[in-house]
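So you know, we letter chains A, B, ... as the sequences are listed, proteins then strands, and number each from 1. All values derive from a computational prediction rather than experimental measurement.
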Amino acid sequence: MNYLYDETFDGFLTCVKHHYYTENAEGIFPNSSAYQMDLTRYAMTVETDEDAARIVHRAIVNKISKWDAERVYRVFCTNEPEKEMKMLRYLRLGFKQGGRIRLLHGHPVVNDVQKAEQRLGCEVHRLCGLIRFSETQDKLLYAGFEPDNDVLEFLAPHFTDRFRYDPFILHDKRRDKALFAYNKEWQIAAFGEEEGQEIQMSEDEATYRRLWKEYFEVMATKERLNPACQRRFMPARYWKNITEMST
Amino acid sequence: MDGRVFEKLTVLGESAKYDVSCSSSGADRTNIGRLGNAACAGICHSWTADGRCMSLLKVLLSNDCAYDCKYCVNRRSADTKRCTFEPRELADITMEFYRRNYIEGLFLSSAVLRSPDNTVERMAECLAILREEYGFAGYIHAKVIPGVSPEILTQLGFVCDRLSVNIELPSSESLSLLAPQKKATAIFGPMRQITQAQIEQKTLRSPGFRERLLGKSSGAAGAVASAGIGGMSDTDSNHGRGMNADEDGIVPDGAGTLVPGGAGALAPVSRYKYKERFAPAGQTTQMIIGASPESDRQIITMSEALYRKFSLKRVYFSAYIPVADQPELPPLLTPPPLRREHRLYQADWLLRFYGYTADEIFTDSEPNLDVDLDPKVVWALRHLDYFPIEVNRASEEELLRIPGIGNTSVFRILRQRRIASVGYDDLKKMGVVLKRARYFLTVGGRYFGDVPFEPLAIRTALGGGVKPQISLFETMTPGLTLGGEHELFVR
Ligand code: SF4
């Protein structure tokens, strides 16, 4: 049986329940992909059931571990292709193996999950450096960016610590949501493209951007040009949101 | 903002960029040009067009230098544009860049503006504005100007995370030839003071720790003061062209910072003004590679000694890029010895993380690193009788000696072995570089190399050519006596 779900974590956990109590899952897909694949005929739409989700979650924590429950959530936040089935396979193995599953690095099921998780971690780490803030007219710091994975909440600890006294907004333009933070507290809420565009920059903003760009140009050693290396660390898809790389 | 700030930032950034150090917050990282290093522990903010990680605003406070070091673009005799930042100007730029997440902190260096004391005082003023007035919490690394007085250095230390005093050149002969105003004394004095201040506040285990364990020296202070940096080499008899402390009169030094003769304190007990800590991220240094004739063995031996005696966090190497046509230096069009720099970093890595000693890395007949091959491979080829190593039985130390296996892979191998034996395919998933490692290991008794198990065959399989024995340096630099060992300018 193929399952369609609403792309929430609870929705996914509900699918896990159906896998065990209704019929084995052959595929789990987001609702939105149903039309492309003509799945509507062969798939069942799963109604997200919070109680079921909570039960499954508790089972993961008790039978595998809390850490693995978090791990599955991290994988859920990635854009890994077919992540749902990879997560399900991991959980099935986990229910058999218990907490030692995380030690089975060589196992393909574990390896899949591990890789997806690493990619998320890698993007989070990279974005800690690559996100660029601008100062708005009201002296807020605003940063718009387009991450591959759903990373907002994973960025929160780093930036709330860094900007302890500056209120700031981290805007995921791809998912139309933003993290609002001040004084170590934060929350995530919907935030559209237009709302982002309405923000006015402070007077000094342009000057500091120009100053940074000029400095950046100067710092490249002409004798050692190596754009491939630059692109490897700073992928081109991020450039339009990086002050020194955008035009 | 004043329009001249643009000019100052570009001119003073340009001057500072040849510095190789790019580490932040104690987590070390260096990207070595085209042979870039992907393992990045600290946060990098940007990468320049030459592929180097940029995480700090790297800039000079001034390039208006009173000295005349031959290898330097800012030497007194060079005709170049001179600029100097006002302390507040630079503090403002740093703070604004930091808020926008362009940078993780500031790497501040300077030319000698009138005198070392005057320069460092201004640096400290700028940093105090940042820390105290603006509440800047980012990372600060400052270069100490050799010859600065201890009181002023103390001020600087308390507003910095990390300090460095550059050795510049690997021997005192080269130093007096190429940087006549800089004395080894003036370099090691501040270095020792920094080490000492850190011991006092207990951020450091005292240097010479290892020697004391081995019963070679009486105490921490003794180790530093009496051994200095030339006496440091237990091996300096045969290749000891390192700087020699006693010869250079380091003990006690002219500024009177020393209690003579290796007794207790080395520097006057500093009056700790603030609650802040003195350079909590330790100190580093830098050497220019390829401007002077020292062998790799001398350079690595020197680094090893610096790590032991002064507990330095890092020694950085910087391939010399010719900036001036001087008889004592390689000619203007000499390409910077980047591969050599890269191999030196690899050797340095072996010292710091793999438990090798300088004497293991070199032999008397090979005082330089092989530019074609990783020094770890070279060592393994020289000791083929230790190999191949069975990954399912070897100890941690043995595993670490296998080329292509690093600390992380060793950790993973050991972890996996507790559950099940390791197969050849598992190794790849554990991050082992099989391209190199397969010639040096067996898995469950099976050998995976595709050439006969002998040095030459493996060497060729790994891309090592026949070693070039050309000595170009000799013809390029009359006036320096060389042992015909400098084939390294050939690329
Ligand atoms: S003191 Fe520093 S800036 Fe001045 S000439 Fe020497 S190396 Fe250059």
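Most heavy-atom pairs under 4.5 Å with chain A: of the set B:V11, B:V422, B:D425, B:I103, this distinction falls to B:I103. Interface summary for chain A: among B:Q416, B:R415, B:R99, the most heavy-atom pairs under 4.5 angstrom belong to B:R99. Of the listed residues (A:H105, A:R100, A:R126, A:R162), the greatest number of heavy-atom pairs within a distance under 4.5 Å of chain B belongs to A:R162. Between chain B and the options A:E244, A:H158, A:R210, heavy-atom pairs under 4.5 Å are most frequent for A:R210.
Residue A:F159 touches chain B through its side chain alone, counting heavy-atom pairs closer than 4.5 Å. Using a 4.5 Å cut-off between heavy atoms, A:Q114 makes no contact with chain B at all. Using a 4.5 Å cut-off between heavy atoms, A:E214 touches chain B through backbone and side chain atoms alike. For a residue to count as touching a neighbouring chain, one of its non-hydrogen atoms must lie under 4.5 Å from one of that chain's; by this rule A:R209 touches chain B with backbone and side chain alike. For B:I419, the part sitting under 4.5 Å from any heavy atom of chain A is the side chain, from C-beta outward, and nothing else. If you measure heavy-atom distances from A:L130 to chain B, the contacts under 4.5 Å come from both the backbone and the side chain.
The closest side-chain donor-acceptor pair between B:S55 and B:E104, if any, does not fall under 3.5 angstrom.
Ring planes of B:F97 and A:Y215: tilted class, angle from 30 to 60°.
For the pair A:K83 and A:F76, the cation sits on the ring face: its NZ or CZ lies under 6.0 Å from the ring centre, inside 45° of the axis. Judged by the 6.0 Å and 45° rule, B:R100 forms no cation-pi pair with A:W212. Geometrically, A:R132 does not engage A:F145 in a cation-pi contact, judged by NZ or CZ lying under 6.0 Å from the ring centre and within 45° of the ring axis.
Test B:L108, B:L60, B:I93 against B:F85 for side-chain contact (heavy atoms from CB on, under 4.5 Å) and you get one pass: B:I93.
Looking at heavy atoms from C-beta onward, A:T207 lies out of side-chain contact with B:V5 at the 4.5 angstrom threshold.
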